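Have a look at the structure below, then the notes.
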Amino acid sequence: MAKTELTSKLISRFERLSGRRQNWETHWQEVADYMLPRKSDINKKRSRGDKRMELIFDSSPLQALELLAASLHGMLTNPSTPWFTLRFKQMEDMNDDEAKLWLEDATEVMYKAFNRSNFQQEIFELYHDLITFGTAAMFIEEDNDDLLKFSTRHIDEVYIAENDKGKIDTIFRRFHMTARALVQKFGDNVSQDVKLMATKNPYEEIDIIHAVYPRNDFNPKKQDKKNMPFESIYFEYKGGNELSVSGFKEFPFVVPRYLKASHEVYGRSPAMTALPDVKMLNEMSKVTIKAAQKQVDPPLLVPDDGFLLPVRTVPGGLNFYRSGTRDRIEPLNIGANNPLGLNMEEQRRDAIRSVFYVNQLMMQDGPQMTATEVIQRNEEKMRLLGPVLGRLQSELLQPLIDRVFNILLRNNQFAPPPESLSGVNIDIEYVSPLAKAQKSTELQSIIRAVEILGSLANVAPVFDYVNFDNLVKHVADIVGMPQKLLKSQGEVQEMRNEQAQQQQEQMQMQQAQQVAKMAGDAAPMAKALPEEARAIVNAEE
């Protein structure tokens, strides 16, 4: 295939997006040089495997960034604990226990699909990109073997655009593929130049662009790959040769931003905030190392005519001087104040730790605490990341879970849903440790209210105002208790009916026993009456 009108338009769009990104590239390169050198291939094109730590004299910023990335991974998408669940969007639908169990089974299927795929290693890379560059991108594909395939793309190859709602709906990727791999993937659609190159130099890399954007002429009545809500185009950047045209039913990328100004498309990161302190710390460390080196191995004062050069400073070295002279080799006292330099370095490190929440995320040494105090402090730490949670939920977790759910649904991985779910909207509830920490305040308020009402129960019937059925459901919902551990509404009602019936039968038996006892007590009294009295009684009856 050759260059088409479509690829010509896409190349023009790509070049405009590329021009708008140039200022960001310089910023990303500088941040990566100091805090994520393994990904510092933006403006600087380096050989694979070369050393990239030439600007770094203090590794504490790298450790702080690594800690925040690991903490976000553990608090948002921890593989060992649940971090999301499916639920009804409308409150009136929440009493259908059969539908609730289906949603829980569907959630379990999704967790198994996540764990079977390469999700965990790719999402961890995404957190590194997010904290360093402020913008990250992950490609979610269907896979023949594992159903799902995740790929976190380097920020260097990502060019994005927003829609009218401020959401990313357009992405261009410029990346490299070897001529051999290109022929294997696209077959005869590659250009003649690539075919020739695959024969002569199969490992030569070719520039490829992958563009995904909303389709303007989408027709929902047609069911084919070329008529989906999002169009997907692969083409060769040099020459514009069209390689493939397909589509996606939902946007296949998740592109979260850590923080974002209203007039900017790309996000900003904690690493950008800490960059001045990081550069200053490295310069201070360089100067402190030089000062310490001068003190340990100081420069020497040597008379210009008393010694025979060269001066040997190695252990056991012999230096010769003219006899009769009193000149000596003496160290130069530079008057370095190393404690001052170390103190200033520690101030910069504290500022960097504050930006990356190190002091909040790490357990600090101090007096012994009770278990309750430890829990409260952990929840407080997690609440500090609350402002970040909202954007990550809307730009990372929600589109990620939606995409995975739809892929599994199209591949018939879920059990047949009950009829009650027809036309019902399903929502996502986040139950990660960070999300639970945001709800802990509400749970504490409920517990406090129950304690206060309990203290007033002896004075007034205050519990008459409390719907305990709804209270139990709401508390179970806050703490994320699985539906399979709770009895259904029908089972509870049936149990209550049986208890009421047993109580009624027991009351009837007690009444019968009381009647029998009264009758038994009356019989001796009747025998003790005179015959005349009994006759009168019988006559009256």
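What you are looking at is a predicted structure, and each value in this text was computed from that prediction instead of being measured.
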Under 3.5 Å, is there a donor-acceptor pair between the side chain of [X] and the main chain of [Y]?
X: Arg403; Y: Ile140; result: yes
X: Ser12; Y: Ser8; result: no
X: Asn406; Y: Asp402; result: yes
X: Ser18; Y: Glu15; result: no
X: Glu142; Y: Leu147; result: no
X: Asp146; Y: Leu148; result: no
X: His154; Y: Lys39; result: yes
X: Gln413; Y: Asn411; result: yes

How many angstroms lie between [atom1] in [X] and [atom2] in [Y], if you round to the nearest 0.5 Å?
X: Ile168; Y: Ile160; atom1: CD1; atom2: CD1; result: 4.0 Å
X: Asp33; Y: Glu54; atom1: CG; atom2: CD; result: 7.0 Å
X: Glu283; Y: Met280; atom1: CD; atom2: CE; result: 8.0 Å
X: Leu6; Y: Glu231; atom1: CG; atom2: CD; result: 6.0 Å
X: Ser269; Y: Leu275; atom1: OG; atom2: CG; result: 9.0 Å
X: Leu130; Y: Leu392; atom1: CG; atom2: CG; result: 6.0 Å

Taking [atom1] in [X] as the centre, count heavy atoms belonging to other residues, nucleotides or ligands within less than 6.0 Å. Is the count above 12?
X: Met177; atom1: CE; value: yes
X: Lys51; atom1: NZ; value: no
X: Lys260; atom1: NZ; value: yes
X: Arg20; atom1: CZ; value: no
X: Asn23; atom1: CG; value: no
X: Lys112; atom1: NZ; value: no

Identify the heavy atoms of [X] and [Y] that sit nearest to each other, and give their distance.
X: Ala211; Y: Phe172; answer: CB-CE2, 3.5 Å
X: Val190; Y: Leu243; answer: CA-CD2, 3.8 Å
X: Gly74; Y: Asn78; answer: O-CB, 3.1 Å
X: Met272; Y: Gly267; answer: CE-O, 4.0 Å
X: Asp58; Y: Asn282; answer: N-OD1, 3.3 Å
X: Ser285; Y: Phe57; answer: CB-CB, 3.9 Å

Kindly indicate whether the side chain of [X], heavy atoms from C-beta on, has any atom under 4.5 Å from the side chain of [Y].
X: Val278; Y: Ile352; value: yes
X: Val245; Y: Ile233; value: yes
X: Val109; Y: Glu104; value: no
X: Val31; Y: Leu36; value: no

ask   = Would you call Arg180 and Glu205 a salt bridge, taking side-chain N to carboxylate O under 4.0 Å as the test?
value =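 Salt bridge absent between Arg180 and Glu205.
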query = Are any of the side-chain nitrogens in Lys44 or Asp50 under 4.0 Å away from the carboxylate oxygens of its partner?
reply =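 Answer for the salt bridge query: no.
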request  = Enumerate the residue pairs fulfilling salt bridge (charged side-chain N to carboxylate O under 4.0 Å, His left out) with a member in residues 262-275, sequence neighbours excluded, ordered by first and then second residue.
outcome  =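 Salt bridge (charged side-chain N to carboxylate O under 4.0 Å, His left out) check on residues 262-275 returns Glu264-Arg268.
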message = Considering only residues two or more places apart or on different chains, which pairs with a residue in residues 386-395 satisfy salt bridge (charged side-chain N to carboxylate O under 4.0 Å, His left out)?
response =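 Passing the test, one end in residues 386-395: Arg257-Glu395, Arg391-Glu395.
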Strictly under 6.0 Å, is that where the ring centroids of [X] and [Y] end up?
X: Phe230; Y: Tyr213; result: no
X: Phe150; Y: Phe139; result: no
X: Phe133; Y: Tyr258; result: no

Side-chain donor-acceptor contact under 3.5 Å, [X] with [Y]:
X: Tyr430; Y: Gln393; result: no
X: Gln63; Y: Ser59; result: yes
X: Arg153; Y: Ser151; result: yes
X: Ser191; Y: Asp193; result: no
X: Glu345; Y: Thr288; result: yes

Describe, in one word, how the ring planes of [X] and [Y] are oriented to each other, choosing from parallel (under 30°), tilted (30 to 60°) and perpendicular (over 60°).
X: Phe119; Y: Trp83; result: parallel
X: Trp28; Y: Tyr266; result: perpendicular
X: His210; Y: Phe253; result: tilted

key: Test side-chain hydrogen bond (donor to acceptor under 3.5 Å, both in side chains) applied to Glu242 and Thr7, step by step   = CA-CA 7 Å; Glu242 190 176 297; Thr7 57; 5.4 Å; no
message = Set out, in order, the CA-CA distance, both residues' side-chain angles and the distance that settles salt bridge (charged side-chain N to carboxylate O under 4.0 Å, His left out) for Glu5 and Lys9, then state yes or no.
response = CA-CA 6 Å; Glu5 181 181 358; Lys9 292 181 179 179; 3.6 Å; yes
request  = Test the Lys167-Phe251 pair against the cation-pi criterion, namely NZ or CZ under 6.0 angstrom from the six-membered ring centroid and within 45° of the ring axis.
outcome  =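 So Lys167 doesn't make the cation-pi contact.
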key: Qualifying residues under salt bridge (charged side-chain N to carboxylate O under 4.0 Å, His left out), relative to Arg173, sequence neighbours excluded   =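 Applying salt bridge (charged side-chain N to carboxylate O under 4.0 Å, His left out) to Arg173 gives Glu157.
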ask   = By side chain to side chain donor-acceptor pair (under 3.5 Å), which residues pair with Asp207, not counting sequence neighbours?
value =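 With neighbours one apart ignored, the set is Arg174, His176.
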Partners passing side chain to side chain donor-acceptor pair (under 3.5 Å) against Glu25 (at least two apart in sequence or in another chain) =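 Scan of Glu25 (side chain to side chain donor-acceptor pair (under 3.5 Å), adjacent residues dropped) gives Arg21.
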key: By side chain to side chain contact (heavy atoms under 4.5 Å, CB included) - contacts of Thr107 (at least two apart)   =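 So Thr107 forms a side chain to side chain contact (heavy atoms under 4.5 Å, CB included) with Phe84, Thr85, Leu86, Tyr111.
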ask   = What's the verdict on side-chain contact (heavy atoms from CB on, under 4.5 Å) for Arg38 and His128, showing C-alpha distance, side-chain angles and the deciding distance?
value = CA-CA 11 Å; Arg38 64 186 176 88; His128 281 84; 3.7 Å; yes
ask   = Step by step, would you call Asp427 with Arg87 a salt bridge (charged side-chain N to carboxylate O under 4.0 Å, His left out)?
value = CA-CA 5 Å; Asp427 202 1; Arg87 58 176 296 171; 6.0 Å; no
key: Among Tyr127, Tyr34, Phe356, the one residue meeting side-chain contact (heavy atoms from CB on, under 4.5 Å) with Leu65   =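 Answer to the side-chain contact (heavy atoms from CB on, under 4.5 Å) test with Leu65 among Tyr127, Tyr34, Phe356: Phe356.
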